[in-house]
Structures are given as C-alpha cells and as structure tokens.
Novice: 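Got a structure here, written out as structure tokens. Questions coming.
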Amino acid sequence: MALDIRTGKLMVAKTSYKTLIIHLTILAFLHLSLNGFSQISVIDSLEKALVLADQDQKIPILQTLSWDLKHSDTPKALAYANEGLALSPNPSKDYGIFLKTIAVVYSISGEFELSDEFTHKAIDVFQTTENLKLEGTCWSITGINCRQRAMYDCALQQFNRAYDLAKVISDSINMAKSKGNIANVYLGMGQYPKAIEMYQQVIAFAKASNDELMLAANQGNLARTYSKQGEYLQAIELFSKSLSIYLKSGNKGSYANCLNGIGIILEKLEMYPEAVEIFNRALTLEQELGNNSRKGKYLNNIGSSYIYLKEFDLALDAIQASIRFYENAGIQASSSQFINLAICYLHQGEFERAYPYLERAHQQALKKERRHNVILATEVKGRVALAQDSLEKAEELLLSAYQQWEQLGEPFSLHSAALYLSELYEKRADFKTAFQYQKQVTLLEDSLFNMSENMKITQVLVRERLIESGQITDAEDSKSAQETISTSPFPWLT
C-alpha cells in the first residue's frame, strides 16, 4: 500500500488487514496535521479503519472515535464508547476509559446525574486496577459536573481530591490542571483575586515546563477573569498572547474559542458590529472542524449581538441555526439560546411563540442554577405580558424581576426592569407609581453615566489594539461596520 500525498488517497495493493488499518490510522493523523486539526477528515479515516479491524484492533480506534465525537455528535460518541465497553474485559484500563468517556459525553450534554453515575463506575475500575492517574482525572469530571451546577463547595472538594492523587504519584502536569480547575471554580464563585492567583500559579508552571498549550489555555481563562472584573484591556492582551500560541501550533478550535472570548468583551463594551465580526471569524474556523456545540455557541453570540443592533430577523436566523447545531450534536440548548429566541419573537410581535421558549429557559436555568438567566426569563415573560396588555400578570413578573435584580446589584438590568414597570403603570393610569419608577430610571442613568464615559474611553483603546493586531477591520476605511454586518451573507446557514 502507498499513500499519494497529492490526492490523500491510499493506493491499495495486496496487503493484510492489519497493515491497512495502520495506514488508515496514519492517514487520519496526516489529515490532523495537514488540515489544522480537521476533525471531519480524522473521523472519516478512523471509521474506515474500524470497519476493517479485527476485534482486538478495534478498542484503540473506538477510544479515539468516541472521544473525538463528544462535542460534534454525542449519540455517535456514546454508541462507539458502548461498543468499546462490550469488547473490553472488566475490570481493565480500557473498560475504565470507555466508562470515563461516556461520563464526559453525558457531562457535555448536560446530563450531570448520568455523568456522575458513569464516573463513579470508572473510579471503581481504576481503584481496582490501582490506576491513580486515571482515577484522579475521574474526580475532575465530578468536579466539573458540580461546578456546572454551581455546587462550588462540592467542586472544590473533588478537584482537591484529584490534586492530592496527582501529588501522590508526583504527576506535576495533573497537579497543575487541578489548580486550573480550582481557579475555574473561584471564577464561577466571583472570587476573582483567588482565581487570578491560581491561574498565575499554573501559568508559571506552564512557562517553566515549556507547555505552551497549558500556558495558552490558562492565559485565556485569566483573560476571562479580568473581563469579569471589567479590566478589558488586560483581558485583550492575554487573549492576544494565547492567539499567537494557537496560531503557531495550528490549533484552530482553541484559536476560535479565544476569538469568542474577545467577541464577548466587545459585546460588553457595546461594540456590537465588531463583536459580530469576531464571532463570525470564530464560526468560520469552527465550521471547518465540525464541532457542532461550539458552532451553536458562536451562532448564539452572533444572535445576541444582532438583538442589541435591533436586527431581529438576522438574530432569529442565527439563534435558530444555533439551536439546530446543538440538537444535531445531541446537546440540550441553553437557557440563553431560548431567551434570545423569545426576545426575537417578542420584537416581531409573535407573543404566543415567545412564551413557551421562556418557560423552557426558566426550567433550564433552574436546573443548572443560572440565577441571572432565571431572572432574565422572568423579566422577558413580563415584557411579553405587557405587550399583550395582560397587565396584572406583567406586574407580578416585572416586580419579581426588579426585586431580584436589586438583590444581585445589577444596575443595567435594574434599569431595564424599572423602565418596563414605568411603562406598565402608565398603561394602568397609575401615574404616581409610574413616576416613582421613572425617577428610579433617571437615578440609575445618572449613576451609570460615569460607567458609560469610562466605557467610551475603553472602546477607543480596545478598538485601536484590535485593529493594530488585525483582529478587526477599520470601519472608517470602508462602509460602516453596521452596514457591512447588516447585509452580510450567512454561509453557515446552508
């Protein structure tokens, strides 16, 4: 057998199945290097190898397939993992690895209880086979499941357990990864100084050990922490450093995820056309790789920016496509996607279509303990009721949202709820209460003024930095960014 590098085709002569499988696997990894981690090509080559493999040769191929498909096609990933489970002796390292893969797939799909069930089965296998390294990675999965459900004390306990196991076997890499996971928990808890300290420790380790991918990943997470604190210029600088590493290594998926982080900063700075530009770049890269969950995430972010631009038709197209990508991957759509979809229907006057998505958003946010989205779904329900002149229902929902925003101390969201309450009481001819909320709107606008002025300065500095690094185009040299964005075609919808 020979491999034609120009065409990528195998020239088959008389050969054994074993040799054929080896060549197909080599072809998969050639695609990996030549196409910048092109997942579709890798999967295609590995599936061809699987068909020809003897039973004892299938296990490593099934491990790779089930792991690589976990984001793009979870039903298929589960099918391959279960096939490998049936072929592997119990207990054995391979059997434990397939259990662990199933746990990860369920975690990605949001099925945390199932994920925990399979993780503990894998832990039992690794404890029986005395594989402390893989047992530690399983405790990390349970930690991630706790963090995703905002069960932060549980998450810290599990990640510390993983760290202790790594320490026992002097596994410095997994000790550093555990620290990174602990930092992620502090980030979720809003304990940003602790998160920053932990990320900096991991970054120092990555630099000392010349682990560029660990360095890039933790610089990106540190950037997200600075973004949460409103330190956007520092965040942009760190994202730019990570982008350079990912560009050098050819890691398109992580490069796209980094761009997405920059897009989120631009959206926070109300630079919506530029945010759409960046999100589209991330999406274009991900389109080549076949990761449906990330494509869905980037499309939802595009839709969110279009909502702020009041381009509701474009927003609706993006968000509907986002949900389809999630469904194609076998992953539950998020509360954020459902809320964005409902907002589009609200602005298009399709109130009956909006409400069921808000119910789904509310349930999903409760399940994952996303308090912000629970409150936002309540507020948008109130806005739908207000638009339908169901004033009693609107009052109940908007007052509930207002009180909860007040508890969270979110001035922008509080301003929005106060504005709609003022409109509500005007409709009810209760002008005294309407005036009270309008007064609150004015007070909030006064307190937000300095924030707005500081934002304008930051916008200029961020725009200059991103134009200089080539991440966004200079809108002054062509059409306005908004005109360009509003008329751009959507290749990702085809």
Side-chain angles (χ1 to χ4, degrees), residues 29 32-33 37 60 63-64 66-68 70-71 92-94 96-101 103-105 107-108 115 119-120 122-123 125-127 129-148 155-188 194-225 238-239 241-255 257-258 261:
F29 288 102
L32 195 67
S33 59
F37 300 100
Q63 285 176 352
T64 306
S66 56
W67 188 256
D68 286 359
K70 63 185 183 295
H71 286 288
S92 68
K93 178 182 175 181
D94 289 329
I97 287 172
F98 284 116
L99 287 170
K100 177 188 164 188
T101 299
V104 170
V105 173
S107 179
I108 290 166
S115 177
T119 305
H120 284 288
I123 287 169
V125 170
F126 294 134
Q127 287 178 341
T129 56
E130 298 182 344
N131 193 320
L132 294 183
K133 182 171 184 175
L134 288 175
E135 182 192 342
T137 61
C138 287
W139 289 117
S140 292
I141 297 168
T142 62
I144 290 167
N145 291 342
C146 289
R147 180 174 59 80
Q148 292 280 17
L156 287 173
Q157 182 182 10
Q158 308 294 28
F159 289 134
N160 276 309
R161 200 165 185 171
Y163 177 86
D164 289 342
L165 281 172
K167 190 174 181 180
V168 167
I169 57 174
S170 302
D171 183 352
S172 57
I173 291 175
N174 276 321
M175 286 168 66
K177 287 180 179 178
S178 294
K179 283 187 176 182
N181 282 326
I182 291 168
N184 291 340
V185 177
Y186 287 134
L187 175 58
K194 283 187 176 181
I196 289 169
E197 182 184 352
M198 295 295 283
Y199 286 134
Q200 286 174 337
Q201 287 179 26
V202 182
I203 286 168
F205 170 81
K207 287 179 177 177
S209 57
N210 293 317
D211 191 331
E212 290 211 323
L213 292 182
M214 181 183 287
L215 174 63
N218 284 277
Q219 283 178 161
N221 287 332
L222 184 57
R224 291 177 181 90
T225 311
L238 284 162
F239 275 132
K241 289 179 180 179
S242 293
L243 284 171
S244 297
I245 293 172
Y246 292 135
L247 183 64
K248 180 182 173 183
S249 65
N251 192 329
K252 290 183 180 180
S254 296
Y255 190 95
N257 198 37
C258 231

Novice: Say you draw a straight line from CD of Gln158 to SG of Cys138; how long is it, rounded to the nearest 0.5 Å?
Specialist: 11.5 Å
Novice: Please give me the minimum heavy-atom distance between Cys258 and Tyr246, naming the atom from each residue.
Specialist: SG-CE1, 4.2 Å
Novice: Give, for atom NZ of Lys179 and atom CG of Asn218, the distance between the pair rounded to the nearest 0.5 Å.
Specialist: 11.5 Å
Novice: Tell me, please, which residues at least two apart from Ala195 pass side-chain contact (heavy atoms from CB on, under 4.5 Å).
Specialist: Tyr186, Leu187, Tyr199, Thr225
Novice: Set out, in order, the CA-CA distance, both residues' side-chain angles and the distance that settles side-chain contact (heavy atoms from CB on, under 4.5 Å) for Lys248 and Ile245, then state yes or no.
Specialist: CA-CA 5 Å; Lys248 180 182 173 183; Ile245 293 172; 5.7 Å; no
Novice: Does a side chain donor of either Trp139 or Glu135 reach within less than 3.5 Å of an acceptor in the other side chain?
Specialist: yes
Novice: Using every non-hydrogen atom in the two residues, find where Ala155 and Gly143 come nearest and quote the distance to one decimal.
Specialist: CB-O, 3.5 Å
Novice: With sequence neighbours left out, write down each residue that passes side-chain contact (heavy atoms from CB on, under 4.5 Å) with Lys133, or none if nothing qualifies.
Specialist: Asn131, Ile169, Asp171, Asn174
Novice: Go through the steps for Ile144 and Ser107 under the test side-chain contact (heavy atoms from CB on, under 4.5 Å), then give the verdict.
Specialist: CA-CA 8 Å; Ile144 290 167; Ser107 179; 4.2 Å; yes
Novice: How long is the gap from NZ on Lys252 to CG on Leu247, to the nearest 0.5 Å?
Specialist: 10.5 Å
Novice: Using the test side-chain contact (heavy atoms from CB on, under 4.5 Å), find all partners of Asn160 that sit at least two apart in sequence or belong to another chain.
Specialist: Leu156, Ile182
Novice: Between atom OG of Ser178 and atom CZ of Phe159, what is the distance when rounded to the nearest 0.5 Å?
Specialist: 8.0 Å
Novice: I'd like to know whether NZ of Lys100 has more than 12 heavy-atom contacts from other residues, nucleotides or ligands below 6.0 angstrom.
Specialist: yes
Novice: Minimum heavy-atom separation for Ala103 and Ser115, please, with both atom names.
Specialist: O-OG, 2.6 Å
Novice: Run the side chain to side chain donor-acceptor pair (under 3.5 Å) test against Asn181 and tell me which residues pass, sequence neighbours left out.
Specialist: none
Novice: Not counting sequence neighbours, which residues clear side-chain contact (heavy atoms from CB on, under 4.5 Å) with Gln200? List them please.
Specialist: Ile196, Leu222, Tyr226
Novice: Any luck finding a side-chain donor-acceptor pair between Lys241 and Gln219 under 3.5 Å?
Specialist: no
Novice: Taking the side chain as C-beta and beyond, is there a heavy-atom pair between Val104 and Trp67 under 4.5 Å?
Specialist: yes
Novice: Mind listing the closest non-hydrogen atom pair of Ala176 and Val202 along with its distance?
Specialist: O-CG2, 3.5 Å
Novice: Could you tell me the separation between the CD1 atom of Ile203 and the CG atom of Leu215, rounded to the nearest 0.5 Å?
Specialist: 6.5 Å
Novice: Quick one: does Lys177's side chain get under 4.5 Å of Met214's, heavy atoms only?
Specialist: yes
Novice: Any chance you could lay out the side-chain contact (heavy atoms from CB on, under 4.5 Å) test for Lys93 and Leu134, step after step, and finish with the verdict?
Specialist: CA-CA 9 Å; Lys93 178 182 175 181; Leu134 288 175; 3.9 Å; yes
Novice: According to side chain to side chain donor-acceptor pair (under 3.5 Å), who are the partners of Glu197, at least two apart in sequence or on a separate chain?
Specialist: none
Novice: Phe126 and Gly96: which non-hydrogen atoms are nearest, and at how many Å?
Specialist: CZ-C, 3.3 Å
Novice: To the nearest 0.5 Å, tell me how far Ile97 CD1 sits from Thr137 OG1.
Specialist: 8.5 Å
Novice: Yes or no on side-chain contact (heavy atoms from CB on, under 4.5 Å) for Thr129 and Ser92, after CA distance, side-chain angles and deciding distance?
Specialist: CA-CA 7 Å; Thr129 56; Ser92 68; 5.6 Å; no
